[in-house]
Structure formats: C-alpha cells, structure tokens
Amino acid sequence: MKHIIRAMKTAFFDLDGTLFDTLPDIRKAMNYALSAYDGEKATADEVRRYVGRGLHRALSLAAAEKNPKGLDEDEFELMFQLMVSAYEKHPVDETRPYPGIPQLLGNLKSRGIKLGIVSNKSDSIVQEIVSSLMPGVFDFVMGEGRGFPLKPDPSGLLYGIRETGGCIEEAVYVGDSEVDAETGKRAGVRTLIVSYGFRTRAELEKSGVSVSANSVEELDELMKTLC
C-alpha cells in the first residue's frame, strides 16, 4: 500500500556511524577478545567493514579473518562474551557524537519533532551511550535484546514510531549503511542515508544505495526541508 507522505513529525536514527562515532570503543573490545584467543588485531577499517548487523556477526567476521586456526562454536561464544564484557565496561571511553549532531538534534527538538534511536547493538550498551552522552534528548531508545529481530527487519523501527505517537507517513529514518537503507524500505518510511559514518559514498553506491547527505551539515539542511 502506498503511503501519502506528510511533513516530518518523528525522526528515528541508527546509532553507530550515524549519531556517534563508536568505532574506537568497538575496536578496542573486539581486539581484546581476539587477542585472548591468539587472533590478530583488527584495523579500524576492518572493524568498520564488520559492523552493521550486530556485535555477534561483527565478531564472527573478525574471527574468521583474524584467527587462522579457527574456533569451535563454544570457543567463539566464550570469545563473544569476553568482547561484550569488555565493551560493557568501556562503552564511552572514546565514543563521541559526530560534530554537528547535537545542534542538528536541538534544531529538530525546537520544531517539536519526536526523536528515536533503533540500533542493532546490545540494548544495555545503547542505553549507556545515550544516557552518558545525550541524556534526555531522545523520546525512544532501543537496541538488541528487546524482543525484536535485528535490522533490516523493520519491526523495531515500526514499534518505535508507534510508541512515540507517530505514523509512517510523518516519520523519517536516518542511517549510514545498506542495512539501514533496507530497513527503511521494508518499513515504508522515508529514509536518508549518510556517507560520513561507517560506509563511504563509494561503498554505499556499490551496494546500490543512494546517498542523501555527505556531512552532518548537509543532513541538517535536508531535514529542515522535511518539517
């Protein structure tokens, strides 16, 4: 069914690579776990390539490349728990919002726009990052572990929109990856994809994803036109 698009009343965001540069802390936790099992450390560019569909899959990709001897299922699950434990202890050591993001969110709130986050990262870590770095800004925050499938399944995004009193026709979803593009498409929500995060413009376009904004400033200007 085709939806009639109306002025934006609700804006939902991915977290990693869209609102926050979380890569340094993810990398630190991942390399801690890899090293414990005699794996090589992953570079920042490699970690950027691994992430997007949850930490479990990210570490699985890393382990396949960085542990030449291989791991059995039990060993991998222990390594994953090690990574999660390390990340839960240090989720915001180096994580910061991208420059301009606080101002962008402030602009949206001043226009009465409801704000939300739907992430594939563990919910406890998502909540810690948001409460530490942007307390009181968002009307809805959800990560993995709240009973919804991971993105690109749209269930979590649609639930968040309903919980904030919004509707598909008045919602916008912002992300930085092919996963986010598919999520928004499957939800039937206007979707903006940025190239300043974990995927470059060339990588996104190679995946068949159209880029909406190359910088936070461009995103801010674009969102102003949707209100």
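- Of all non-hydrogen atoms in Leu82 and Ala36, the two that sit nearest each other are CD2-CB, 3.4 Å.
- When the shell of 6.0 Å around NZ of Lys224 is examined, it contains more than 12 heavy atoms from other residues, nucleotides or ligands.
- When each of Val130, Leu19, Ile117, Leu105 is tested with Val137 by the rule side-chain contact (heavy atoms from CB on, under 4.5 Å), just one qualifies, namely Leu105.
- In summary, of the residues considered (Thr22, Asp14, Thr18, Val47), a side-chain contact (heavy atoms from CB on, under 4.5 Å) with Phe198 occurs for Thr22 alone.
- In this structure, Cys227 and Ile113 have side chains that are in contact, with non-hydrogen atoms separated by less than 4.5 Å.
- Atom CG of Asp21 sits about 9.0 Å away from atom CG of Asp16, to the nearest 0.5 Å.
- With rounding to the nearest 0.5 angstrom, the CG atom of Leu59 is 4.0 Å from the CE atom of Met79.
- For Tyr98 and Phe20, the ring centers are positioned 6.0 Å apart or more.
- Linking ILVMFWY residues whenever their side-chain heavy atoms come closer than 4.5 Å, directly or via other members, places Leu133 and Ile125 in the same cluster.
- Shortest non-hydrogen contact noted between Asp93 and Asp25 is N-OD2, 3.2 Å.
- Cluster annotation: Tyr173 and Val216 are assigned to distinct hydrophobic clusters (Ile/Leu/Val/Met/Phe/Trp/Tyr, side-chain heavy-atom contacts under 4.5 Å, transitive).
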Query raised in the report: Yes or no on salt bridge (Lys or Arg N to Asp or Glu O under 4.0 Å) for Arg199 and Glu178, after CA distance, side-chain angles and deciding distance?
Result: CA-CA 9 Å; Arg199 301 287 189 272; Glu178 63 281 3; 3.3 Å; yes

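- Side-chain contact between Val141 and Val126 is present, with heavy atoms from C-beta onward closer than 4.5 Å.
- A chain of hydrophobic side-chain contacts below 4.5 Å, direct or via other Ile, Leu, Val, Met, Phe, Trp or Tyr residues, connects Leu115 to Ile101.
- Judged by distance alone, with hydrogens and angles left aside, the side-chain atoms of Arg48 form no donor-acceptor pair with the main-chain N or O of Thr43 at under 3.5 Å.
- Among residue pairs with one or both ends in residues 125-140, those qualifying as side-chain hydrogen bond (donor to acceptor under 3.5 Å, both in side chains) are Asp123-Gln127, Glu128-Ser132; sequence neighbours excluded.
- No more than 12 heavy atoms of other residues, nucleotides or ligands sit less than 6.0 Å from atom NZ of Lys41.
- Between the side chain of Lys151 and the backbone N or O of Val118 there is at least one donor-acceptor pair closer than 3.5 Å.
- Looking at Leu192 and Leu222, their side chains come closer than 4.5 Å, going by heavy atoms from C-beta outward.
- Under the 4.5 Å side-chain heavy-atom criterion for ILVMFWY residues, no single connected hydrophobic cluster contains both Met134 and Met142.
- Side-chain atoms of Arg201 and Asn214 form a donor-acceptor pair, as typed in the model, at a separation below 3.5 Å.
- In this structure, OG1 in Thr191 is found 12.5 Å from CZ in Arg186, a value given to the nearest 0.5 Å.
- Residue Arg57 holds its CZ atom at 12.5 Å from CG of Leu55, rounded to the nearest 0.5 Å.
- In this structure, CD in Glu88 is found 11.0 Å from CE in Met83, a value given to the nearest 0.5 Å.
- No side-chain heavy atom of Phe148 sits under 4.5 Å from any side-chain heavy atom of Leu157.
- Using modelled atom types, one finds no donor on one side chain facing an acceptor on the other under 3.5 Å when comparing Asn107 with Ser110.
- Distance alone, capped at 3.5 Å, places no donor-acceptor pair between the Ser35 side chain and the Tyr32 backbone.
- The aromatic rings of Phe12 and Phe140 sit tilted, their planes meeting at an angle between 30° and 60°.
- Judged purely by atom type and a 3.5 angstrom limit, Ser212 uses its side chain to pair as donor or acceptor with the backbone of Ile193.
- Expressed to the nearest 0.5 Å, how far OH of Tyr87 lies from CZ of Arg27 amounts to 14.0 Å.
- At distances below 3.5 Å, at least one donor-acceptor pair connects side-chain atoms of Arg190 with backbone N or O atoms of Arg6.
- Of all heavy-atom pairs spanning Ile161 and Cys167, the tightest one is CG2-N, 3.6 Å.
- Side chain of Ser119 to main chain of Lys121: a donor-acceptor pair is present (N/O by atom type, distance under 3.5 Å, no hydrogens or angles).
- Without hydrogens or angle criteria, Asp220 side chain to Leu104 main chain gives no donor-acceptor distance under 3.5 Å.
- Between the side chains of Tyr50 and Glu65, at least one donor N or O sits under 3.5 Å from an acceptor N or O.
- Listed by first then second residue, pairs satisfying side-chain hydrogen bond (donor to acceptor under 3.5 Å, both in side chains) with a partner in residues 74-86 read His56-Glu77, not counting sequence neighbours.
- In this structure, the side chain of Glu182 does not engage the main chain of Val179 through any donor-acceptor pair within 3.5 Å.
- Heavy atoms from other residues, nucleotides or ligands lying under 6.0 Å from OH of Tyr37 number more than 12.
- A pairwise comparison of heavy atoms in Val194 and Gly17 identifies CG2-O, 4.2 Å as the closest pair.
- Using a 4.5 Å cut-off between side-chain heavy atoms of Ile, Leu, Val, Met, Phe, Trp and Tyr, with links allowed through other members, Ile26 and Phe76 fall into the same hydrophobic cluster.
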Requested in this report: Begin from the C-alpha positions of Glu40 and Asn31 and carry the test side chain to side chain contact (heavy atoms under 4.5 Å, CB included) through to its verdict.
Outcome: CA-CA 8 Å; Glu40 298 177 0; Asn31 282 338; over 6 Å; no

